[in-house]
Trainee: 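Encoded as structure tokens, here's the structure I'll be asking about.
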Protein chains: 2
Amino acid sequence: MRNKVSLKDIAQKVGVSTAAVSYALNKEKEGKVSDEMAAKIRATAKELNYQPNQIAKSLKIGRTNTLGLIIADVSNPFFATIARVVEDEAKAHGYTVVFGSSDEKAERSWDLINVLANRQVDGLIIAPSEASEDQILYLKEQKIPFVLIDRYYPDIPSSFVVLDNYKAAYDAVFHLIENGRKRVGMLAYKTNLYHMQERKRGYQEALQAAELPVGKSLLKEVKHDDTKNGVKAAIDAMLASPEGLDALFFATNTLAIHGLKYIDSLNLKVPTDLAIVSFDEGEAFDFYYCPLTHIKQPVDEIGKEAVQLLLDQMSSSNGRIGQIHFEPELIIRQSSGA
Amino acid sequence: MRNKVSLKDIAQKVGVSTAAVSYALNKEKEGKVSDEMAAKIRATAKELNYQPNQIAKSLKIGRTNTLGLIIADVSNPFFATIARVVEDEAKAHGYTVVFGSSDEKAERSWDLINVLANRQVDGLIIAPSEASEDQILYLKEQKIPFVLIDRYYPDIPSSFVVLDNYKAAYDAVFHLIENGRKRVGMLAYKTNLYHMQERKRGYQEALQAAELPVGKSLLKEVKHDDTKNGVKAAIDAMLASPEGLDALFFATNTLAIHGLKYIDSLNLKVPTDLAIVSFDEGEAFDFYYCPLTHIKQPVDEIGKEAVQLLLDQMSSSNGRIGQIHFEPELIIRQSSGA
DNA sequence: ATTGTATATTTAATCGATTAAGCATAGTTT
DNA sequence: AAACTATGCTTAATCGATTAAATATACAAT
């Protein structure tokens, strides 16, 4: 096979046992081999271009120095950025990242967890899908270290790094109301995931605080599997409401992108006809004719903290958990009519 | 440790050897174990929730069912999309993907190749960096199967999946000339990578074919490490040229994004003051006030073909190579003033 | 009864590393 | 000189699977 050079080859060439070679190449174990011998072995290793087989090493020592990352979709910029940050941070600590996209599907998420766990990743960072509580419980039961990101299950104690989604939504909607909007709609995804529930709660409580009516007619939920048409239908429905619509809050960047395209096609003007606030950033938003007011998540910090928490958890014998809520930042531009 | 259940545990519980268990659980080896025994073993395996240790399996069989993917940067939508496609396609064939971003740096690319090779990935898909020829030669020498994407080295025979970058650039620039532009600038990255050379050649030959002057003053190159300022300086320089500038061709989506922002800040109107054609797509482009004419790469096909070629190569004893050039598609919108 | 032939199961080597324990050899202490 | 102690290296077990080869058992053919 490839990568022929093994400890054995070096041992043979130098005329010692593989144990000697192993000791010599693991500098930590100073003193187990004489300096001359060590030098000779190291020279031969270099000469043969020896590269240790990590698979064999992992099998023996029980660690792989690999972290698993499960996100909803790498092709979504929010997750792609997280992936990049996690990758860099992991690398800085000597870990490699194996990743997979769950597509928000519990089944794919299960598959990924199994594949990664069977490959013995040392820990997992997961943006969990809907109805995946059993997976999280499984990980706890198996004592596989993990950290959740973006979403979490309030009923299951675990480590996580998330945004204060309630506050984010509250601030966003409050900002719209503050600027005179009275008919504020919200476009969300149809899911029980906590982050989405919190965003909806933030929206509703901001309306309540302003003594505006909180009904179902202005809070529309779209299914994941046909975002595009769902968004159109939802916007149509809101616009058709007898009292009209003068502002729209998008619960995610994907919803905003589809929503804005549709709004443009209807020739509605932002912010005159409709004020807009969206979640997350996106290169796209910078090019919209009316720069978007949006909620900014500290993506870099989220990724870094997640890795940090995971490594902490892995090194502590008791699976100590850490829970981090980041504060959202509302970036005010022109789309909210401020 | 975690994941305690091993073949041995099942063997003990059932009262047979581990070999019997292994045979029973590998259905292909029908007939090695009696049906009743097999049933009992499988039942016990399920009962104990046995999950095979892939690390041990890999060590024995010499394959990991893992593919390595090295791209420039996951947070670039072009590569993120490729990553997603590769991931899905690999999964469809029973492979998991391990990835890393090289940041266009030869050194990081070396690191990744070593890390992945030492983890015994079965094959690699790589968007190679500048000055990484030695890495490619190393892979060939080590007989590690690999497929290059997006770029390749014409002097080193290898499998690859790329766009016909020459034709793409030629078509784009020809299109601008056809629409009456005479002072067409090009913004490229400063790199010797072949795809970029080809894009420049396409630009130059299109100008030649139209008998327009081909000089250095309208072909500007920007360094990777400070794209933003580089783009500004380059555009300033072109605009300052005595004969002026009436069209701009961006060699990548990133260059286009930075370029367009700067052009807007200068209050130049597209396409009146400046006609634009860019490489690649991007959610961002859809929101630009003047929809962008751009070169579309068949990203899905590129990713799928790359996996396909790699699997072919892995299964053929001789490391048979395949080279695929995709045809570019010029999507004409309004920014080119057509 | 004897040999032959499936069939079912076990034994044991193997993948490539790590590492506790054992064994020389040289040097130090009494 | 005998006993002890480092020092330096080897032996051999181990991680958890796979798999060729050996073995045992049942059954059929001679």
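A, B, ... follow the sequence lines: proteins, then strands. Residue 1 opens every chain.
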Trainee: Would you mind reading off the distance between Asn53(A) atom CG and dC15(C) atom P, rounded to a whole angstrom?
Mentor: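 It is 12 Å, rounded to the nearest whole Å.
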Trainee: Rounded to whole angstrom units, what separation is found between the CG atom of Asn26(B) and the C1' atom of dT19(D)?
Mentor: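 Rounded to the whole Å, the gap is 10 Å.
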Trainee: Measure CG/Leu59(B) against C1'/dT14(C) and give the value in whole Å, please.
Mentor: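 One finds 9 Å between C1' of dT14(C) and CG of Leu59(B), rounded.
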Trainee: Give one of base, sugar-phosphate or nothing for Lys57(A), where a contact means two heavy atoms less than 4.0 Å apart.
Mentor: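 Lys57(A): backbone/sugar contact only, no base atoms under 4.0 Å.
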Trainee: Between Arg151(B) and Ser129(B), do the side chains contain a donor N or O and an acceptor N or O under 3.5 Å apart?
Mentor: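 Side chains of Ser129(B) and Arg151(B): no pair found under 3.5 Å.
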Trainee: In whole angstrom, what separates Lys8(B)'s NZ from dA13(D)'s P?
Mentor: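 Nearest whole value for this atom pair: 13 Å.
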Trainee: So, does Tyr23(A) get its side chain near the phosphate of dT7(D), meaning an N or O under 4.0 Å from OP1 or OP2?
Mentor: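 No, because none of the side-chain N or O atoms of Tyr23(A) sits under 4.0 Å from OP1 or OP2 of dT7(D).
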Trainee: Between Ala38(B) and Ala19(A), which is nearer to the 5' end of DNA chain C once each is assigned its nearest nucleotide?
Mentor: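 Mapping each residue to its closest nucleotide by heavy atoms, the 5'-most match is Ala38(B).
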Trainee: Does any donor atom in the side chain of Gln135(A) or Ser109(A) lie under 3.5 Å from an acceptor atom in the other side chain?
Mentor: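 Looking only at side-chain atoms, Ser109(A) and Gln135(A) do form a donor-acceptor pair, the distance falling under 3.5 Å.
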Trainee: With a 4.0 Å cut-off on heavy atoms, is Ser34(B) in touch with a base, just the backbone sugar-phosphate, or nothing at all?
Mentor: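 Counting heavy atoms under 4.0 Å across all strands, the contact made by Ser34(B) is with sugar-phosphate only.
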Trainee: How sharply is the helix from dT2(C)-dA29(D) to dT30(C)-dA1(D) bent, taking the axes over five pairs at either end and rounding to 10 degrees?
Mentor: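 End-to-end axis angle for the helix from dT2(C)-dA29(D) to dT30(C)-dA1(D): 70°, rounded to 10°.
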Trainee: Among dC9(D), dG16(C), dA17(D), which nucleotide has an atom closest to any side-chain atom of Val33(A)?
Mentor: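 When the side chain of Val33(A) is considered, dC9(D) is the closest of dC9(D), dG16(C), dA17(D).
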Trainee: I need the NZ-P distance between Lys32(A) and dT18(C), as an integer number of Å.
Mentor: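 Going from Lys32(A) (NZ) to dT18(C) (P), I get 13 Å.
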Trainee: Starting at the 5' end of DNA chain C and moving along, which residue's nearest nucleotide shows up first, Thr18(B) or Ala56(B)?
Mentor: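 Its nucleotide being nearer the 5' end, the pick is Thr18(B).
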Trainee: What is the distance from CG of Asp9(A) to P of dA17(C), rounded to the nearest Å?
Mentor: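 Distance, rounded to whole Å: 9 Å.
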Trainee: Grab the CD1-C1' distance between Ile55(A) and dT14(C) for me, whole Å please.
Mentor: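 Checked: the CD1 to C1' distance equals 16 Å.
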Trainee: Please give, in whole Å, the distance from dA20(C) P to Ile61(A) CD1?
Mentor: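 Ile61(A) atom CD1 is separated from dA20(C) atom P by 13 Å.
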Trainee: Do other residues, nucleotides or ligands put more than 12 heavy atoms under 6.0 Å from the NZ atom of Lys91(A)?
Mentor: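 For Lys91(A), atom NZ is crowded (more than 12 foreign heavy atoms under 6.0 Å).
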Trainee: Quick check: are there more than 12 heavy atoms from other residues, nucleotides or ligands sitting under 6.0 Å from NZ of Lys140(A)?
Mentor: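 It does: Lys140(A) NZ has more than 12 such atoms within range.
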Trainee: Is there a side chain to side chain contact (heavy atoms under 4.5 Å, CB included) between Met314(A) and Tyr95(A)? Walk through the geometry before answering.
Mentor: CA-CA 12 Å; Met314(A) 280 159 41; Tyr95(A) 285 82; 3.3 Å; yes
Trainee: Tell me, with the steps shown, if Leu124(B) and Leu116(B) meet side chain to side chain contact (heavy atoms under 4.5 Å, CB included).
Mentor: CA-CA 8 Å; Leu124(B) 286 166; Leu116(B) 298 180; 3.7 Å; yes
Trainee: Would you mind telling me which of dT11(D), dT19(D), dG16(C) lies closest to the side-chain atoms of Ser17(A)?
Mentor: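 Looking only at side-chain atoms, Ser17(A) lies closest to dT11(D).
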Trainee: Counting only N and O atoms by type, is there a donor-acceptor contact under 3.5 Å from the side chain of Asp9(A) to the main-chain atoms of Ser6(A)?
Mentor: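 Here the side-chain-to-backbone pair exists.
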Trainee: Of all the nucleotides listed (dA17(C), dT9(C), dT18(C)), which has the minimum atom distance to the side chain of Met37(B)?
Mentor: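 Side chain of Met37(B) sits closest to dT9(C).
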Trainee: Return the nearest nucleotide to the side chain of Ser6(A); candidates are dT10(D), dG16(C), dA17(D).
Mentor: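 Shortest atom-to-atom distance from the side chain points to dG16(C).
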Trainee: Are OP1 or OP2 of dT18(D) and a side-chain N or O of Ser22(B) less than 4.0 angstrom apart?
Mentor: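 Answer yes for this pair, as a side-chain N or O of Ser22(B) is under 4.0 Å from OP1 or OP2.
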Trainee: Search all heavy atoms of Thr64(B) against all heavy atoms of Asp122(B) and return the closest pair with its distance.
Mentor: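 It is N-OD1, 2.9 Å.
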